[in-house]
Amino acid sequence: MHSITREAMMKAVEGAMPLKRWKHTLGVMETAVTLAQRFGGDPHKADLAALLHDYAKYWPTDRMEAVIREQGLPHELLEFDKELWHAPVGAYAVQRDFGIEDEEVLDAIRYHTSGRADMTLLDRIVCLADYMEPGRDFPGVDRIRELAEENLNLALVAGFDSTIGLLVSKNKRILPSTVEARNSLITEVRTSKEE
């Protein structure tokens with residue numbers, strides 16, 4: 001049983017990453033809470049998942065690989081970009097280190113880089129906040145921010161389009177769940193327009 005305070009958790013997360021990434025984490029927290037308030041999500045869960053989303057980001061690759069192999073995480077991950085590994089490894093690590101048991105929060109951490117079909121509202125909020133927090137600066141981020149003023153799903157589709165386009169331009173493989181996430185969101189957007 002863990003009984004870690006929020007202050008201690010913040011200190012532990014801050015200590016697990018360089019200052020630049022900590023500033024990013026603070027930006028994701030602020031953005032996730034704003035998005036939760038805007039789109040009817042739970043701001044407390046959004047804040048917690050955003051705080052913890054990059055906890056394992058700076059673990060050595062061999063440590064992340066060991067967790068994937070030893071904890072029964074999907075081994076297919078090892079065939080894809082190592083940048084994706086910290087999300088499922090992070091979900092495992094925050095459960096182990098901080099006693100986080102809320103599956104909704106753990107899933108939002110687990111899928112914040114890859115997405116998945118039928119993402120929960122919290123999944124969407126944390127994933128989108130990670131794309132568009134104030135410190136992010138990449139081509140298309142302003143359009144994502146504009147869309148996020150009105151439509152969470154369209155903003156997230158734009159985020160996935162950005163990721164998929166980048167991967168294609170680098171001739172890298174795309175994790176199937178990222179394509180499934182985009183397709184699922186597009187279907188939802190079209191269905192909502194037809195109603």
Salt-bridge test for [X] and [Y]: reply yes if a basic N is under 4.0 Å from a carboxylate O, no otherwise.
| X | Y | answer |
| --- | --- | --- |
| Glu14 | Lys11 | no |
| Lys57 | Glu83 | yes |
| Asp123 | Arg110 | no |
| Glu79 | Arg173 | yes |
| Lys170 | Asp81 | no |

Short side-chain to backbone donor-acceptor contact, [X] and [Y], under 3.5 Å:
| X | Y | result |
| --- | --- | --- |
| His53 | Ala50 | yes |
| Trp85 | Leu77 | yes |
| Arg21 | Tyr58 | no |
| Thr178 | Ser114 | yes |
| Ser162 | Ala158 | no |
| Arg145 | Glu133 | yes |
| Arg124 | Met119 | yes |
| Ser184 | Asp118 | yes |

Is any side-chain heavy atom of [X] closer than 4.5 Å to a side-chain heavy atom of [Y]?
| X | Y | result |
| --- | --- | --- |
| Leu121 | Leu152 | yes |
| Thr31 | Pro134 | yes |
| Pro176 | Phe80 | yes |
| Arg143 | Glu146 | yes |
| Val168 | Ile174 | yes |
| Tyr55 | Met9 | no |
| Ile109 | Val126 | no |

Check [X] against [Y] and note the closest heavy-atom contact, atom names and distance.
| X | Y | answer |
| --- | --- | --- |
| Val89 | Met64 | CG2-O, 3.8 Å |
| Ala46 | Ala36 | CB-CB, 3.9 Å |
| Asp42 | His44 | OD1-N, 2.8 Å |
| Ala49 | Ala108 | CB-CB, 4.0 Å |

Taking [Y] as the starting point, is it possible to reach [X] by hopping between hydrophobic residues whose side chains are less than 4.5 Å apart?
| X | Y | result |
| --- | --- | --- |
| Leu128 | Leu185 | yes |
| Ile125 | Leu106 | no |
| Val141 | Leu156 | yes |
| Ile186 | Phe160 | yes |
| Leu48 | Phe98 | yes |

Exercise. Where do Arg116 and Glu180 land on the side-chain contact (heavy atoms from CB on, under 4.5 Å) test, with the steps shown first?
Worked result: CA-CA 6 Å; Arg116 60 173 170 163; Glu180 290 164 7; over 6 Å; no

Report the distance from atom [atom1] of [X] to atom [atom2] of [Y], rounding to the nearest 0.5 Å.
| X | Y | atom1 | atom2 | answer |
| --- | --- | --- | --- | --- |
| Glu76 | Leu78 | CD | CG | 9.5 Å |
| Ile164 | Arg182 | CD1 | CZ | 6.0 Å |
| Met10 | Leu52 | CE | CG | 10.0 Å |
| Glu65 | His75 | CD | NE2 | 9.0 Å |
| Asp130 | Asp54 | CG | CG | 6.0 Å |
| Ile4 | Asp97 | CD1 | CG | 8.5 Å |

Exercise. Does the side-chain contact (heavy atoms from CB on, under 4.5 Å) test come out yes or no for Leu122 and Asp107, once each step is laid out?
Worked result: CA-CA 8 Å; Leu122 190 62; Asp107 279 345; over 6 Å; no

Exercise. Between Gln71 and Arg96, is a side-chain contact (heavy atoms from CB on, under 4.5 Å) present by the stated rule, with each step listed?
Worked result: CA-CA 11 Å; Gln71 300 304 319; Arg96 183 196 66 184; over 6 Å; no

For this session: Take Thr163 and Tyr131 through the test side chain to side chain donor-acceptor pair (under 3.5 Å) and record every step on the way to the result.
Result: CA-CA 10 Å; Thr163 295; Tyr131 272 119; 2.6 Å; yes

Problem set entry | Arg136 and His24: CA distance, side-chain angles, deciding distance, side-chain contact (heavy atoms from CB on, under 4.5 Å) verdict | CA-CA 8 Å; Arg136 290 288 198 196; His24 160 77; 3.3 Å; yes

Exercise. With a cut-off of 6.0 Å (strictly less than), are more than 12 heavy atoms of other residues, nucleotides or ligands near CD of Glu101?
Worked result: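 Counting other residues, nucleotides and ligands, CD of Glu101 exceeds 12 neighbours.
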
Problem set entry | Name of the residue among Glu30, Met29, Gln37 meeting side-chain contact (heavy atoms from CB on, under 4.5 Å) with Val33 |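 Of all the options given, the one that passes is Gln37.
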
